[in-house]
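All remarks here apply to the structure that follows.
Numbered from 1 within each chain, the chains take letters A, B, ... in sequence-line order.
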Amino acid sequence: MHIKELPRLEKAEHGVVMRFAPNPSGPLHLGHARAAVLNDAYVKRYGGKYILRIEDTDPKRIDSEAYQMVIEDISWLGITIHEVVYQSDRFDLYYRYGRELIERGGAYVCSCENEQFRQLKQKKTACPCRPLSVEENLTLFDKMLAGEFYEGEASVRVRTDLDHPDPAMRDFPAFRILHQPLHPRIDAVVYPLMNFSVSIDDHLLGVTHVIRGKDHIANTRRQRYIFDYFGWDVPVYRHYGRMGIEGVVLSTSQMRQGIVSGEYEGWDDIRLGTLRALSRRGISPDAVRQAVIDIGIGETDISFSWDNLYAQNRMIVDPVANRYFFVSHPVGLEIRDAPHQVAHALLHPNEPVRGKRILPFTGTVLLPREEIEKEPAVIRLKDLFNVIVSREDGEYVLTYAGDQLSEARDVKAPIIQWLPADCALPCVLRKQEGDVLGVCEPDVMREAGSVVQFERVGFARIDDTAGDRIVAYFTHR
RNA sequence: GCUGCUAUAGUGUAGUCCGGCCAAUCAUUUCGGCCUUUCACGCCGAAGACUGGGGUUCGAAUCCCCAUAGCAGCACCA
C-alpha cells in the first residue's frame, strides 16, 4: 500500500492541539470522516491533543440520539480523542465572554428586525442600536439573559466594519434568543451562535490548528474579529475544498427525510454515505482513513470516487477474506454418470495453511442460472470436475466429463462456482441495486460479522446468520 | 449583484511558494499479456492531463493579465 504524506503544517513542530467539531444532528458520514481523519492524522504526526467538541448550540439541529452515534462512529474510525467537550455545558462561559466583549466595545445588543438590519447592512449603514453605550448594552444583555425578550426581539452583534467590502462580514450575530424548541441538555433562552462559541472555545481549549471545509472561510474571517477584540492569537487555519460523492446525498437532513419517508431502512441503509452504512457493507475504517488521507487538504472541489475507496478496501480485505461459493438464482441439475466424491476447496488461495472447505457431491448440484444460460459447451465446476452441457427437449443436461483440469483448460471452459444440492443454505446478497437471492456454503455460518469473498461474485460482509437465511451485504467486486 | 477561493488524465493526487532536472509523479481506472482450479490477489505492459487566450523570459504546469468554469459566503445554521 502506498502511504501518502499530508503536507506539513506551519508552526506544528512542537505539537498541536486540534479539534473535530460536529453538531449532533445525526451519525457521521464520509464528509465528517474527512475532517475527523485529517485532523487526527496531524495530531498523530506532530503529537499533541485531539479534542472532540460537540457543537450543540442550535437545538433545531440536535438529534439526541446523535450524541451517542457520533461517539460510536468516531471510535469505529479508530480515531484517538483525548478530550470531549460539549458546548451546551459551556453556556455560562459564553455569557461571561459575551459580556466582556460588550465591555470591550466589540459587541452590541441589536433589537432591529431581521429584514430591516439586512437592508441597512447592504447599504453599509449603522443600525439604530449600534451607537448605544456599553452600559446600555450590558443592561440589555442582562435583560436578554433574564428572558425578557421574545424570540427575534434582540440579538448580540459583533461590531466589525460596516464598510467591509464583503457584506458577509458586517456586524455578524453572536447571540440570539430562542424559546423553542427546547434543548435536550440544558435550559436556556440565549444561545451563542457558531462564530462566537467557536472562537471562545478554540482559544480557551488552546486549539493551535484548524482544518475544516472551505465553507468556513468566511467564518474564519469573522472569528478573527473576536480574537482581535480579546487580543488572542489566532490558530493556523486550513480550508479544504468541497467534497461531493458519486450518487450519494450527504446531507443529514435529506437522509433523515428519506428514512422517515421509508425510502431508506435507516442510517445504515447501504445506499447512504454514512459510516455505519459503510461498516455494514464491510468497508474497513482503515480504507476510509487511507482514502481520505489520499484526498488530502486541497482547496479544489472534488468528487469522491467509490472506486478509489474500494481499491483501498480491497487491499485490506483480500488477504483476510475467506473464499466461499455463492450461487445466485440457483438451478438444480443432476449430473449424469458422475462419481460421487468430496471436493476440497481452499479457504484462501494464497494461504493454503488456512484450511479447506469440504463440499460433498452426491449427484445433484446448484448452479447460477446466469452461467447456464450462456450455454457453454463445457464447464468446470471449480474444485470438482468437468461437465458437458447439452439440451434435451429444452432442458439442460449435464454430463460428467472427467476430472482433468487441463482438459477444461484446453477447451477454455469457464470455471464456475457450484453447491451440492443437499447442503446449501439460502442466502440473500444485498446490493445497493437490490437483493440477489441465492444459496451459499454452510460454512458461511461461521463468518458472521466478517467479510468473505464469494468467488467470482465479489466481497461481502456476512451480516446475519440467525434467521432462516443468511444475510450478506455486497461490499464490492 | 457583492466578496473571496480554486482550476494537472475518467477519479484522486505530486509538482506551483524559490521558472529550466516535468516530452509532468503516484494510486485508482480501462485495455492487453503472464500467473492462477475465482472475472480475486500478484506480476509485466499500454492508454490517458497541465481550462482557454495573451504577456514576461533564452526558457512557463510553475510568474503577470484577461476570459471561462466550478465552489463558498452574504442566516438570529454549523
Check: N137(A) side chain, V109(A) main-chain N or O, donor-acceptor pair, under 3.5 Å
yes
Using atom C1' in both nucleotides, what's the gap between rC44(B) and rU68(B) to the nearest angstrom?
42 Å
Span that lies between the P atom of rA72(B) and that of rG12(B), in whole angstrom:
16 Å
Can you tell me, in whole Å, how much space there is between the C1' of rA24(B) and that of rA49(B)?
9 Å
Please classify the nucleic acid contact of E351(A) as base, sugar-phosphate, or nothing, using heavy-atom distances under 4.0 Å.
nothing
L38(A) atom CG is separated from rG12(B) atom C1', nearest whole Å, by 14 Å
Check if the side chain of Q453(A) and the base of rU38(B) share a donor-acceptor pair of N or O atoms closer than 3.5 Å.
yes
Look at the side-chain N and O atoms of R242(A) and state whether any lies under 4.0 Å from the OP1 or OP2 oxygen of rG73(B).
no
Tell me: NE2 of H476(A) to P of rU38(B), nearest whole Å?
20 Å
Donor-acceptor under 3.5 Å (T475(A) side chain, R281(A) main chain):
yes
Are the aromatic rings of F175(A) and F196(A) close, with centres under 6.0 Å apart?
yes
Under 4.0 Å between a side-chain N or O of R477(A) and OP1 or OP2 of rC39(B)?
no
Side chains of I293(A) and R289(A) in contact at under 4.5 Å (non-hydrogen atoms):
yes
Return yes if the base of rA40(B) and the side-chain atoms of R323(A) contain a donor-acceptor N/O pair under 3.5 Å, otherwise no.
yes
Does R185(A) make a cation-pi contact with Y86(A), if we ask for NZ or CZ under 6.0 Å from the ring centre and within 45° of the axis?
yes
If each of A168(A) and E371(A) is mapped to the nucleotide of RNA chain B with the nearest heavy atom, which maps nearer the 5' terminus, i.e. the 5' end?
E371(A)
If I take atom CD in residue Q312(A) and atom C1' in nucleotide rU29(B), what distance separates them, rounded to the nearest angstrom?
14 Å
Measuring from the side chain of I302(A) (C-beta onward, heavy atoms only), which nucleotide among rC74(B), rG12(B), rU29(B) has the closest atom?
rG12(B)
Decide yes or no on side-chain hydrogen bond (donor to acceptor under 3.5 Å, both in side chains) for N313(A) and H476(A), but give the supporting numbers first.
CA-CA 9 Å; N313(A) 197 61; H476(A) 48 65; 3.0 Å; yes
Pair D202(A) + R19(A), salt bridge at N-O below 4.0 Å:
yes
Identify each atom pair where a protein N or O and an N or O of nucleotides 76-78 of chain B are less than 3.5 Å apart, giving names and distance.
from, atom 1, to, atom 2, distance (Å)
rC76(B), OP2, N114(A), OD1, 3.4
rC76(B), N3, G152(A), O, 3.4
rC76(B), N4, C112(A), O, 3.4
rC76(B), N4, G152(A), O, 2.6
rC77(B), OP1, R176(A), NH1, 2.1
rC77(B), OP2, R176(A), NE, 2.3
rC77(B), OP2, R176(A), NH1, 2.3
rC77(B), OP2, R176(A), NH2, 3.1
rC77(B), O5', R176(A), NH1, 3.4
rC77(B), O2', D58(A), OD2, 2.8
rC77(B), O2', R61(A), NE, 3.4
rC77(B), O2, R61(A), NH1, 2.4
rA78(B), OP1, T57(A), OG1, 2.7
rA78(B), OP2, M194(A), N, 2.6
rA78(B), O3', E55(A), OE1, 2.5
rA78(B), O2', N23(A), OD1, 3.4
rA78(B), N6, N219(A), OD1, 3.4
rA78(B), N6, N219(A), ND2, 2.9

OP1 or OP2 of rU36(B) sitting under 4.0 Å from any side-chain N/O of K382(A)?
no
Roughly how many Å apart are rA7(B) and rU16(B), using the P atom of each and rounding to a whole number?
13 Å
Considering only heavy side-chain atoms of N308(A), the closest of rU11(B), rC71(B), rU37(B) is rU11(B)
Euclidean distance for C1', rG15(B) against rG19(B) (whole angstrom):
12 Å
Can you check the distance between rC64(B) and rU56(B), where both ends of the measurement are the P atom (answer in whole Å)?
15 Å
Show your working on side-chain hydrogen bond (donor to acceptor under 3.5 Å, both in side chains) between H216(A) and N219(A) and close with a plain yes or no.
CA-CA 5 Å; H216(A) 285 293; N219(A) 291 323; 3.1 Å; yes
Which nucleotide sits closest to the side chain of S305(A): rC39(B), rC41(B), rU11(B)?
rU11(B)
Between rC41(B), rC71(B), rU38(B), spot the one nearest the side chain of I415(A), thanks.
rU38(B)
Interatomic distance where OH belongs to Y240(A) and C1' belongs to rG12(B) [whole Å]
16 Å
Which nucleotide in the set rU6(B), rG73(B), rG70(B) lies at the smallest distance from any side-chain heavy atom of D301(A)?
rG70(B)
Starting the side chain at C-beta, find the nucleotide from rU38(B), rC2(B), rU28(B) nearest to R409(A).
rU38(B)
Whole-Å gap separating P (rU36(B)) and CG (L346(A)):
14 Å
Pairwise C1' distance for rU13(B) and rG20(B), with rounding to whole Å
24 Å
Over all heavy atoms of both residues, which pair between E299(A) and K214(A) is shortest? Give the atoms and the distance, please.
O-NZ, 3.8 Å
Can the ring centroids of F474(A) and F459(A) be said to lie less than 6.0 angstrom from one another?
no
What's the closest nucleotide to the D294(A) side chain, out of rG12(B), rC39(B), rU37(B)?
rG12(B)
Sugar-phosphate, base or nothing in reach of P349(A), heavy atoms under 4.0 Å
base
To the nearest angstrom, the CZ-P distance between R118(A) and rG73(B) comes to 16 Å
In whole angstrom, give the distance that lies between atom CG of N350(A) and atom P of rU37(B).
11 Å
Nearest-Å distance for atom pair CD/C1', residues E441(A) and rU38(B):
12 Å
Considering only heavy side-chain atoms of F459(A), the closest of rA40(B), rU37(B), rC74(B) is rA40(B)
Both conditions, 6.0 Å and 45 degrees, for the charged tip of R357(A) above the ring of F325(A): are they met here?
yes
With a 3.5 Å cut-off and heavy atoms only, can you find an N or O donor on one side and an acceptor on the other between the side chain of D307(A) and the base of rU11(B)?
no
Considering only the C1' atoms, how many Å lie between rC77(B) and rC17(B), rounded to the nearest integer?
36 Å
5'-to-3' dot-bracket of RNA chain B (Watson-Crick, G-U; under 3.5 angstrom; crossing pairs as [ ]; | other strand)
(((((((..(((.......[.....)))((((((.......))))))...(((((..]....))))))))))))....
Of the candidates rG12(B), rG73(B), rU6(B), the side chain of T300(A) sits closest to rU6(B)
Would you say the ring centroid of Y400(A) lies under 6.0 angstrom from that of F385(A)?
yes
